[in-house]
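As structure tokens, the structure follows; a few thoughts come after it.
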Amino acid sequence: MQTMVANFLDALLGSRFWALFRKELAQILHNRQMVRIILVPPTAMLLLYGFALNPNVQNLKVGITDYSNSPASRQLTEIFEQTEAFRVSRHYTSAEAMAKELAQGHLTVGVTIAPEFARDVARGRTAQVQMLYDAVDANTASIASSYINQLVRDYNLRHRPAADRSSLRYQVQIQTSVLYNQGLDTAWFIVPGMIGVLLTVIGSQLAASSVVREKEAGTIEQLLMTPASNTEVILAKICPLLVLLIMDALIALVVARLVFGIPLRGSLLVFLAISSLYFWVGISIGILLAAFSASQQQAQLTAFFINPPMVILSGATSPTSAMPPVMQFFSHLDPLRYFIEVCRGILLKGVGLEELWPQVLILMAFAAVMMTLSIRQFRRQLT
């Protein structure tokens with residue numbers, strides 16, 4: 001057996017295949033950028049998928065409007081501290097202010113405790129508490145509702161006299177209101193996120209391919225002979241892509257409506273205007289990638305390192321609240337996150353610029369920074 005293995009190794013090491021194998025391996029190892037592309041992205045993707053796409057529901061933001069403001073009501077709100085699934089984000093003085101925060105996506109659950117809560121509990125009556133759920137993410141809303149129902153049942157058992165614990169009468173009863181997605185359809189959460197993902201990937205890839213194609217053909221140098229400025233050259237490349245992406249966005253809205261029943265509760269013009277702003281960001285990312293790439297293949301490999309982290313951290317497929325705190329911090333550096341918030345806000349909640357202006361300002365900042373970087377790098381290529 002050892003003789004057979006030794007003969008096989010001798011034949012392999014002396015073959016032409018082994019010589020070619022060594023040559024290819026040496027070329028790959030000599031190209032440090034290729035080695036980084038091969039080794040770093042898979043490792044980064046594994047870590048991101050492992051941490052960010054966490055199926056467990058944690059740190060869901062809860063808002064509380066306590067009109068009773070009594071020891072009994074405070075004991076009830078303490079149930080949200082018994083599990084890592086919830087985190088009391090803020091106490092409100094009015095249910096209207098809390099509902100506005102819920103519409104803006106700052107809360108997952110809104111709790112309203114009536115003024116007569118303490119009196120009803122003291123007299124042994126059924127005290128009702130209203131729970132409002134942001135059901136844009138139907139899965140998270142369903143899980144949160146189940147958790148809260150269990151917590152309230154435990155609360156009732158602890159505060160009911162021992163002789164009465166066999167009774168089916170509840171001391172605290174929940175009134176549940178599901179907002180924005182009454183059917184709890186998971187597609188209503190996924191589809192708006194996928195619209196942002198697809199348009200991001202398409203925009204960056206198209207922009208990168210457009211610039212790299214000219215570099216490979218050698219036509220970049222010809223731009224030096226034209227009287228057009230570098231900014232005009234880049235704008236001439238961006239505007240056609242911008243028109244195509246707006247058409248893609250309209251097609252995506254039609255498909256979302258006809259196939260998945262996704263409503264458009266807000267303004268179409270506002271949606272297209274903010275989408276155009278975000279497309280500038282995506283196209284600028286593509287041009288910046290092309291500026292550092294010598295071929296279309298290299299641009300695609302580099303985009304693989306950029307696009308998947310943007311998708312994972314954006315909250316397109318799973319809520320950012322389920323991510324660890326470190327991942328949530330990095331998600332704030334992802335422009336796709338803010339565009340997806342805009343998509344869900346306009347399509348599902350019907351909100352306008354008065355609620356979405358923070359996301360718009362952040363996208364404007366991203367667009368300005370990315371466009372400046374892409375123009376500067378483009379100028380370096382032409383000099």
Side-chain angles (χ1 to χ4, degrees), residues 57-66 80 85-112 130-141 143-145 148 176-182 184-185 188-193 195-196 262-275 277-278 281 313-323 325 327-329 331-366:
V57 175
Q58 296 179 338
N59 297 319
L60 298 181
K61 295 182 180 180
V62 178
I64 298 175
T65 304
D66 186 1
F80 296 103
F86 301 102
R87 176 170 60 87
V88 177
S89 174
R90 183 179 171 187
H91 291 265
Y92 296 86
T93 57
S94 68
E96 292 76 13
M98 183 179 67
K100 185 176 181 180
E101 293 279 285
L102 200 68
Q104 293 175 346
H106 297 160
L107 300 174
T108 303
V109 183
V111 182
T112 303
Q130 185 183 46
M131 300 286 178
L132 303 176
Y133 296 93
D134 181 356
V136 168
D137 181 1
N139 182 60
T140 300
I143 295 175
S145 177
I148 291 177
T176 300
S177 297
V178 178
L179 304 180
Y180 316 125
N181 186 2
Q182 286 76 9
L184 294 178
D185 190 346
W188 284 31
F189 175 78
I190 297 295
V191 172
I195 291 176
I262 307 296
L264 176 58
R265 293 172 175 160
S267 170
L268 176 62
L269 293 179
V270 173
F271 175 80
L272 292 178
I274 301 178
S275 298
L277 176 62
Y278 176 71
V281 179
L313 294 174
S314 66
T317 56
S318 62
T320 55
S321 59
M323 301 178 186
M327 293 294 116
Q328 292 188 38
F329 170 78
S331 71
H332 290 289
L333 304 178
D334 185 356
L336 180 56
R337 166 180 175 154
Y338 304 100
F339 179 61
I340 290 177
E341 291 177 354
V342 168
C343 288
R344 290 173 178 156
I346 295 178
L347 297 181
L348 304 181
K349 299 181 179 182
V351 298
L353 289 175
E354 60 275 10
E355 286 84 14
L356 297 174
W357 64 267
Q359 288 87 342
V360 173
L361 290 180
I362 293 174
L363 288 177
M364 290 177 64
F366 272 111

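Numbers here simply count residues along the sequence, with the first being 1.
- Distance check: Arg90 CZ to Ile64 CD1 gives 12.5 Å after rounding to the nearest 0.5 Å.
- When atom types are taken as modelled, the side chain of Arg265 and the backbone of Leu348 share a donor-acceptor pair closer than 3.5 angstrom.
- Qualifying side chain to side chain donor-acceptor pair (under 3.5 Å) partners for Tyr278, counting only residues two or more places apart in sequence or in other chains: Thr200.
- Put simply, CG on Leu102 and OG1 on Thr108 are 8.0 Å apart, with the number rounded to the nearest 0.5 Å.
- Under the rule for a side-chain contact (heavy atoms from CB on, under 4.5 Å), Pro358 has no partner lying at least two apart in sequence or in another chain.
- Summarising the geometry, atom CD belonging to Glu355 is positioned 10.5 Å from atom CD belonging to Glu101; distances are rounded to the nearest 0.5 Å.
- Applying the side-chain contact (heavy atoms from CB on, under 4.5 Å) rule to Ala97 yields the partners Tyr92, Ser94; only residues at least two apart in sequence or on another chain are considered.
- Smallest separation of non-hydrogen atoms from Ala95 and Thr112: CB-OG1, 4.1 Å.
- Atom CD1 of Ile346 sits about 10.5 Å away from atom CG of Leu269, to the nearest 0.5 Å.
- Annotation for Cys343 and Pro192: closest pair CB-O, 4.1 Å, computed over non-hydrogen atoms.
- Residues meeting the side-chain contact (heavy atoms from CB on, under 4.5 Å) test with Glu341, sequence neighbours left out: Arg337, Tyr338, Gln359.
- Residues satisfying the salt bridge (charged side-chain N to carboxylate O under 4.0 Å, His left out) test with Lys349, not counting sequence neighbours, are Asp134.
- From Ile274, atom CD1 reaches atom CH2 of Trp357 across 13.0 Å, with rounding to the nearest 0.5 Å.
- Under the side-chain contact (heavy atoms from CB on, under 4.5 Å) criterion, Ile190 pairs with Thr186, Met194, not counting sequence neighbours.
- Screening Val360, Leu353, Val351 for a side-chain contact (heavy atoms from CB on, under 4.5 Å) with Val270, the sole residue that qualifies is Leu353.
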Requested in this report: Go through the steps for Phe339 and Val281 under the test side chain to side chain contact (heavy atoms under 4.5 Å, CB included), then give the verdict.
Outcome: CA-CA 10 Å; Phe339 179 61; Val281 179; over 6 Å; no
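- Met98 places a side-chain heavy atom less than 4.5 Å from the side chain of Leu107.
- Taking NE2 from His106 and NZ from Lys100, the interatomic distance works out to 10.5 Å, rounded to the nearest 0.5 Å.
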